[in-house]
Amino acid sequence: MHARFHLGVMYLQGLGVERDPAEAARQYRFAAEQGHTDAQIALASMCYIGEGVEKDSA
């Protein structure tokens, strides 16, 4: 779980990899589905602003 969350951070910020918000969202979603709270929050934020995923303020 934690590794997927950290991969999400890397992809979102472009740390050591090419910046890819869509891949960040995929990694966050995997961790979030496993119960990782920070990943759930990060994914919700991305959904709210529409970064890497379709915007969904609900």
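Along the sequence shown, residues are numbered consecutively beginning with 1.
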On a heavy-atom basis, the closest approach of Ala31 and Arg4 is CB-CB, 4.0 Å

All heavy atoms of Leu7 vs all of Gln27, minimum pair found to be CD1-OE1, 3.7 Å

Closest non-hydrogen atoms of Ala32 and Ala39, given as atom of the first, atom of the second and distance, are N-CB, 3.7 Å

Hits for side-chain contact (heavy atoms from CB on, under 4.5 Å) against Ala44, two or more places apart or cross-chain, chain-then-number order -> none

Here the salt bridge (Lys or Arg N to Asp or Glu O under 4.0 Å) pairs for residues 39-50, sequence neighbours left out, are none

Applied to residues 10-22, the salt bridge (Lys or Arg N to Asp or Glu O under 4.0 Å) test, sequence neighbours excluded, yields Arg19-Glu51

**Asked** Do Ile41 and Leu43 belong to the same hydrophobic cluster, where Ile, Leu, Val, Met, Phe, Trp and Tyr are linked whenever their side-chain heavy atoms lie under 4.5 Å apart, directly or via other members?
**Response** no

Applied to residues 25-47, the salt bridge (Lys or Arg N to Asp or Glu O under 4.0 Å) test, sequence neighbours excluded, yields Glu23-Arg26

Correct closest heavy-atom pair for Gly52 and Ala25 would be O-CB, 4.1 Å

- request: Over 60° means perpendicular and under 30° means parallel, so classify the ring planes of Phe5 and Tyr28, tilted if in between.
  value: tilted

